[in-house]
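Everything below concerns the one structure shown next.
All values derive from a computational prediction rather than experimental measurement. Below, chain A is the first sequence line, B the second, and so on; all start at residue 1.
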There are 2 protein chains.
Amino acid sequence: MAAKPRAGPINLREACISEALQIIEDAGIEGLSLREVARRLGVSHQAPYKHFPSRDHILAEILARCFDEFAAFLDQRPPSTEPFDDLRGMGEQYMAYARLHPVKYRLMFNTPMPDPDAHPNMMRNAQRAFALLRDRLTDMALRPVDETHRSSANLDAMFVWSTLHGLASILQSDTFRTLKMSDVELQQAISRCFARLSLALTPLP
Amino acid sequence: MAAKPRAGPINLREACISEALQIIEDAGIEGLSLREVARRLGVSHQAPYKHFPSRDHILAEILARCFDEFAAFLDQRPPSTEPFDDLRGMGEQYMAYARLHPVKYRLMFNTPMPDPDAHPNMMRNAQRAFALLRDRLTDMALRPVDETHRSSANLDAMFVWSTLHGLASILQSDTFRTLKMSDVELQQAISRCFARLSLALTPLP
DNA sequence: CATGCATGTTGACATTGTCTACTTCACTGG
DNA sequence: CCAGTGAAGTAGACAATGTCAACATGCATG
């Protein structure tokens, strides 16, 4: 009754996704075409259309998985007892993902996305990743003070999130590459950001 | 000897650029095609090629102008004598640009760019915009002047830029809108970011 | 005046997304 | 057991795009 792999139905679907991602890694997002996917897999140019209604749909599926992977990656960070260490750990985890998976990170944050309303699953996963991050940061900001300031902690979480996202995003952007910053400066910049973040999070009057 | 406008040589070039930008505003970056530009201007599909060697070249030109406009916008912020007010003024100006010109902002920072080395003019303008941000920070004299002054300002500029860009980017993203934050909370979040930024920029030991 | 170069037009080609119409073939209800 | 049904895959067609080549035109300068 349900779909039973006939030696290659779901296989091709999965193969399309991983091959598409490979193409993006090789040639960038603009190099992705369903026909190239089909060609690499040795199937007809229409075969992928049996599994994805359009190019945007395969992109949305890839993005959905990226957001999932991203959220899981952030979640696996080992917790620490010291709030600032914890915060820094989270920040480093965030930056680590961007460093380890630059293409995927760019795909998620530095690339035009398919219309979110048309791809609810992708959007849900994205939202989940963002919510996770913000909630974690909120908890951390909350710990040093008392529980009555949850909304205030939420604002601080937005601040930290902004800085992390902005930094990772900038480092991955084409625009940043035009600045021709050296690797040393880059490492210094990241360290400086963490230092400034710590400084920023002293209690407000 | 030099090019003399023959009733429409430079005109067409300018017209292409503004029409291309209009197309991007209308239909997004993926809707931009040189043929559509030509069509809208009522010229043959090859006419634009007399002024731009390729699609990337017209995009690079548009980006170069966006960076110029962006830099000018940041610069027109009313100067203040109080350093922190000054920082906040520029930050608000930054956020204002992102709010008033979301398409251009995304074009500059959230979109794959043509190879910078192939488009030095675009690259120069992008660098100039960043340098402006950095120099403002330098001028604020928020830290003791020493030999590392300039490079230190560079790092802090990266930090401020990260926070501003991250915030602007998050507020614009489709996924963020699903978090359903109220306008009040949103304004609070922005204010909090500025407050934290000020706090962050006290002199380092 | 002839020539050349900038500007513009027309036509052609390969590539892409996507539609429609065919083929195959494993499974299923009678 | 067997016709048939529907999913997976193939083949061909179409319009749109970027870009190349060949041609037209007209102003400027030798």
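- Of the two residues near DNA chain D, B:E36 and A:G42, the one whose nearest nucleotide lies more 5' is A:G42.
- The minimum heavy-atom distance between B:A126 and A:T175, with the atom names listed, is CB-CG2, 4.3 Å.
- When rounded to the nearest whole Å, the span between CG of A:L41 and C1' of D:dA8 equals 14 Å.
- Residue-to-nucleotide proximity on DNA chain D shows that, of A:V43 and B:G31, the 5′-proximal contact is made by A:V43.
- Computed from coordinates, the A:F52 CZ to C:dT18 P distance equals 13 Å when rounded to whole Å.
- The side chain of A:Y49 has C:dG17 as its nearest neighbour among C:dG17, D:dG9, C:dT9.
- Distance, B:E30 CD to D:dT17 C1': 14 Å, rounded to whole Å.
- Contact annotation: A:S33 reaches the phosphate of C:dT16 (side-chain N/O to OP1 or OP2, under 4.0 Å).
- At C:dT16, none of the side-chain N or O atoms of A:R35 fall inside 4.0 Å of OP1 or OP2 (strictly under the cut-off).
- For the pair B:M158/A:Q188, no side-chain contact is recorded, criterion being any heavy-atom separation below 4.5 Å from C-beta on.
- Atom CG in A:L34 sits about 17 Å away from atom P in D:dA8, given to the nearest Å.
- Smallest separation of non-hydrogen atoms from A:F159 and A:A200: CE2-CB, 3.7 Å.
- B:R13 has its CZ atom 14 Å from the C1' atom of C:dA6, to the nearest Å.
- Residue A:D56 contributes atom CG, which lies 14 Å from atom C1' of C:dT16 at whole-angstrom precision.
- At a cut-off of 3.5 angstrom, the base of C:dG11 holds at least one donor-acceptor pair with the side chain of B:H45.
- Considering only heavy atoms from C-beta on, B:L164 comes within 4.5 Å of B:V160 through its side chain.
- Regarding B:R55, its CZ atom lies at a distance of 19 Å from the P atom of C:dT15, rounded to whole Å.
- For the side-chain contact (heavy atoms from CB on, under 4.5 Å) test with A:C66, the passing option among A:M108, A:H101, A:E61 is A:M108; the others fail.
- Considering only side-chain atoms of A:L12, the nucleotide from D:dG18, C:dT9, D:dG9 that sits closest is D:dG9.
- Look at NE2 on B:H57: it is 14 Å from C1' on D:dG18, rounded to the nearest Å.
- Within the structure, a side-chain polar atom (N or O) of A:H51 is placed less than 4.0 Å from OP1 or OP2 of D:dG9.
- The 5' end of DNA chain C is approached more closely, in terms of each residue's nearest nucleotide, by A:R39 than by the other of A:R39 and A:K50.
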